[in-house]
Amino acid sequence: MPIRKTGSTPDGKKEGGQQPPLSAVLEENLEQIRARLGNSPDLVIRHYKSMIHEVQVAAIYINAITDKNLVDTYIEQAMKFEFPGEGVGIPAAPGDIYSYFKTKAVSIGKLKVIRDLNTLLEALLSGDTVLLVDGIAEALSGMTSGGEGRAVSEAATQVSIRGSKEAFTESLGTNIALVRRRIKSPDLRLETMTLGAITRTDISIMYIKGLAREEAVFNLREKLQHIEADSILESGYIEQLLEENKFSPFPTMYNTERPDSVAGNLLEGRIALLVDGTPFVLILPATFFVFMHTVEDYYQRYDVSTLIRLLRVICLVVSLFGPAIFVAALNFHQEMIPTPLLINLASQREGVPFPTFIEALMMECTFEVIREAGIRLPSPIGQTVSIIGGLVLGQAAVQAGIVSPAMVIVVSLTGICSFTTPAFNMALSIRFLRFGIMFTGAFMGLYGIAIAALMLVAHMCSLRSLGVPYMSPLGPFSPGDQKDLFVRSPLHFMKTRPRLTRSKRGRRQPGAGSS
Amino acid sequence: MRKESIGSFQLFAMIVLFELGTALVVPIGLESGHAVWVSILVALPGGVLLVLIYDYLYRQFPDLPISGYMRRILGPAVGWPLGLLFVPVLLYNGSRNLREAGDLLISASYDKTPVIIINSIMVIAVMYILYMGIEVFARTAEIYFMITMVMGLVCNFVVIAAGLVKLHNLFPVHPGEWLEALRSAYPNIWIFPYGELVCFATILPHFKSARKVNKVTVAALVLSSFLLSFTHAIEMSVLGADIYSRTTFPMFTTITLVNVANFIQRLDAFVILTLIIGVFFKMSVYCYAAVAIAADLFRIRDLQKLVLPVGVVVLLSSFVSAENYPAHMADGVVFLERILPIPCAVVPILLFAVHRLRLRFKLYR
Amino acid sequence: MNRRGSSFLAAMLAAMLALTGCYNSRELNELAIVSGIGIDLVPGKEDYKVTFQIVNPKSTPTTVSPGSGLPAIVVISATDRTVFGALRKASKRATRQLFFAHTQLVAIGEPLARRGINHVFDIFERSHELRLNSAALVVRGGSAESLLQMLSPIESISSLGLVNKVENTAKVWGENRRTDVFGLISGIAGEGDITVNGVMLPGDIREGRKKSSLEQSDFKGGSIMSGLAVLKEGRLTGWMEGTDARGTQWLLDEIKETGMDIGVPGASGKLAVNIFHSSTGVRVELREGVPVFHVRIREEGNVSEAGAFVDFSIKEVMDQVQETLKTQTAQEVRQAFEKAQGMKCDIFNFGNELKRTHPQDWQKVMNHWDEAFAQGRLDLHVEAYIRSTGMRTKTYMGQEN
């Protein structure tokens, strides 16, 4: 499969000449286009003959992916040609007509000149309308893409109590607009490129010049240009292709469907990566703690936000180590449990036929199954599944004496705790790691857990996201960034941006610095 | 490959964790009775002097590990074999730490688990972090520094809240005891744990800001000395001199006595964690030092290649070296008094003196 | 580097999992949780008879089962020359491995206490499972076995019940205190002698073992905290009882709260004073070879009950009450001190104090400390304060004239 490295930008930049150029004969061109698209029935070719000058003109577009009104306006404008200052009845050369189209008549946005067939096809397939003039080996394309798309609606995966209700849609243009509307700065930079040899997916890099580090942007651009894939269907593809450590369970890119989250991250000097066809925008570099924060933290008062953040960290620890510590305590370190509790637990475990570890594993798996089953089903049925799974199964298992009640408590507690992690992909990784740690806990007790935790932290410290150490600002420690880590200090204290993602313009608030 | 570099706070955290390492949990300076906490403080000035010597040598040769400037100062003919002698000493000391951790874990909780398993798990973790490089190691140290501090605060708070601290076990310190404290401070506590910082002579070349090195190392040393002294004072005040001197694991015994409101009791887990973290970082530093010196001597550019052999050597020698814990402790006394002072104090001071002389008489080409 | 690092991690983790075994893993339902240990002397032999009180988890009701109705505790015992030997031999009678980390109570029979207990406690220090803060009791006039066999009416696990009983009475009455193994060991290792809390079994021992006897409001068995056993060099030499015990506690600064009945100035009834705060400071010095014990006691109390008319609003009356309280406290303390001197047992930590503060002086008397203690002088200062008279000032009874 031939893979093309493409850096073509659709804003009229001329491509290299290795592609087949357009012919000067209109019919030939049309024939070729038809052939290349396999006589597709949604290809519309409208022939016009200019009344006065007898020049053949064709407008080509693909039916469903263009905006009807735009196409009509475009063609209408193109056809209403009258040559100012020239006599009537004088046959004009096709070149004149063409240049007239090009410079004067067409008021459509994003007009571009096409000189070869491949670019023409690409333009067609992305919803442009192409004008071909007989006798000219060039084509004019105007952006008329449109058609049915989802309207901007409420965020489905990242719900917030306070803050914007808008969420990204599948359309790249809309998404860019949503961000632009939040940051009305001329420094907000947008770079677009097309990736995927077959899908030709548009992606955009967005950053704020002067805030994002130049090397990071350069680096990212470089990496994107080296992506060799024939299809990009979702931002997840890019995420996986860009990841520096492919065997790590931890995500190194944050994804969000909230424009305000993107805006916030852009303002902290991060870079957003928008992909056409998905509402999930990638944000990078993303360190571990980015996954633990939400935009809403900044909308609520700082004290509440701080407490909620601490709660999240505690929940993260519980969901990662909870069952492991429980199993280790019950199997290895019974002396750690207070006596009355131990007697209570012992009496609960009387008659339970499985070892604690197997019991925990069983319950954890059941929990994961219920969760997975609930997600895929339509929401009314999903709720039924969780009720059946959670209540009936748990209750019945306890009453049948197969599982001890304490285990049900621990498993459901860890399950609920794992839902407090705001980023879904991080929560998934944590849940996955939980099993590993449970193993070490069951085999080696607390010692195993401690060593596993040490290695886990070492592993996390070794990760980097776009050059930024994953555990920053804890390791490497930067004192200035602690104000927005576990605590969220009052806004007027947060005068500087995160150290490792920002460029020289570190100051956030006017009066204190250059912004 | 990019040169790995570590920052001030990272170095600070590494030194503190290294110092606290095993010294926090095992009894040190046995001879000084209930004034052990005084001995620890008394040994501090000596420790600071030693560290200043290491720092001075580092600033003279900012890109070289100790074996490197040893060859520069003493000439390759003397420096190379002397550097080679460092490797087994460091490895043995690393293996001693491992042995102590293993034995303490076994006597504290894992009485039925073979020592080889306990030790191998620890060695695997150490090898992993060495494999990831000094930068990752430093970052991990930073994070665990904070975790250790929090745990230390919790433990101390709980011990004090449980009303176990009896200050009369600490005071008064009589004149005779001052002498004893002084005697156990020099050279024992001076060398272990302060003198052991010689390992950092192999890590310092990665340090980012050479100008700050004095400030960082001395601050870390002072902090760890105060923490050690405080912890041992707490242990001593809870247990009394008699039990403290007889127990193999005073911190563990201290914590087992805790009973707050009949619910918070037996916080052994915290102590075991402290032990594991401390030994892990201490051993890693030792192994790193051994790896770095060996790599420097034999001109091996890829440190990762040496990690596995070093790990295996440390693991094997940890349980081959002594047949039981008392024998191990007896070896330790000899090692501490006869061998350890050479790399920790004698050689650095010698290097310092020779370097000064050569500078003075312009003997460097 | 990253790829290699990751595969290295994977290999190491795999090695780790392969290496681990469940060597120390024990399931809760394979363990017999020992709540109390009793140590007795086998009559006529050198052997220990060690009794274990085991918690029966089946009897605790849970959501799953309503509780089997069996007694909450099971008692088994074994004899051997060493405590550890008995621990292991007990396996012949136990279906599950005995688990000692939750031992709350160590009871010692009086015969063993008389013979000496110094050798018993090494295992408590050496083992990581047995805890040092288990309470220690001497069973007065009985065997530890019978104490552990006794059921208890409110606390289903009687060892826990006994510990609660000591702590409860130590907190409000003050004649007893919770002596634990750790304290015993440091006492034995230190200078001077020790006291251990005593317990008596006044009721019907045979009835006390039956579950049926728990089903009546008036339990026929039962135990009662009784005095402090004085152990001289590990051997039981006498008992401190009643006010003597309280005096001892006072000298040891162990009084948390207690009640004193003091005479009413100028009347026949008694006044109950609740001492809610007391602290004792001790200083020991050697004067011409004779130890002098400077003891300063400061107590604060409330009037809790007045058995006769007292007008507390008059300052002189209050002063008088305080004075009475002071002399009565001093008397109790002095009595206890003299009794200890009579037994030549320094149970008040005075030796340790001298050694700590004046090591040179200690050198002079350390070899004949018992005699020196017996000749020592008590320099006692008591300060007593009445802080409040409760919800009323005067009593409802009129002045008797």
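- Of all heavy-atom pairs spanning A:Ala450 and B:Ile276, the tightest one is CB-CD1, 3.7 Å.
- Highest contact tally toward chain B, considering only A:Gly475, A:Ala453, A:Pro340, is held by A:Gly475 [criterion: heavy-atom pairs under 4.5 Å].
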_One pair to check against side chain to side chain contact (heavy atoms under 4.5 Å, CB included): B:Arg139 and A:Leu474. What are the steps and the verdict?_
CA-CA 8 Å; B:Arg139 284 186 212 144; A:Leu474 265 192; over 6 Å; no
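- The OG1 atom of A:Thr440 sits 9.0 Å away from the CD1 atom of B:Ile121 when rounded to the nearest 0.5 Å.
- Proximity of B:Ile124 to A:Met455: side-chain heavy atoms (C-beta onward) are separated by under 4.5 Å at one or more points.
- Rounded to the nearest 0.5 angstrom, A:Cys461 SG and B:Phe137 CZ are separated by 11.5 Å.
- Crowding of A:Phe432 atom CZ: a count of heavy atoms from other residues, nucleotides or ligands under 6.0 Å not exceeding 12.
- Using a 4.5 Å cut-off between non-hydrogen atoms, no part of residues 212-223 of chain B approaches chain A.
- Interface remark: B:Met122 contributes backbone and side-chain atoms alike to the contact with chain A (heavy atom separation under 4.5 Å).
- With hydrogens and angles ignored, the 3.5 Å screen pairs no side-chain donor or acceptor of A:Tyr447 with any backbone N or O of B:Leu105.
- Under the 4.5 Å side-chain criterion, counting only non-hydrogen atoms from C-beta, B:Ser109 is in contact with A:Glu335.
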*Step by step, work out the side chain to side chain contact (heavy atoms under 4.5 Å, CB included) result for A:Leu454 and B:Tyr128.*
CA-CA 10 Å; A:Leu454 263 171; B:Tyr128 176 67; over 6 Å; no
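- In this structure, chain A has no heavy atom under 4.5 Å from any part of B:Phe145.
- Within the 4.5 angstrom heavy-atom criterion, no atom of B:Phe270 approaches chain A.
- Annotation: the span from A:Ile451 atom CD1 to B:Ile277 atom CD1 amounts to 9.5 Å, rounded to 0.5 Å.
- If you measure heavy-atom distances from B:Ile118 to chain A, the contacts under 4.5 Å come from both the backbone and the side chain.
- For A:Met336, the parts lying under 4.5 angstrom from a heavy atom of chain B are both the backbone and the side chain.
- Relative orientation of the A:His333 and B:Tyr110 rings is perpendicular, given thresholds of 30° and 60° on the angle between their planes.
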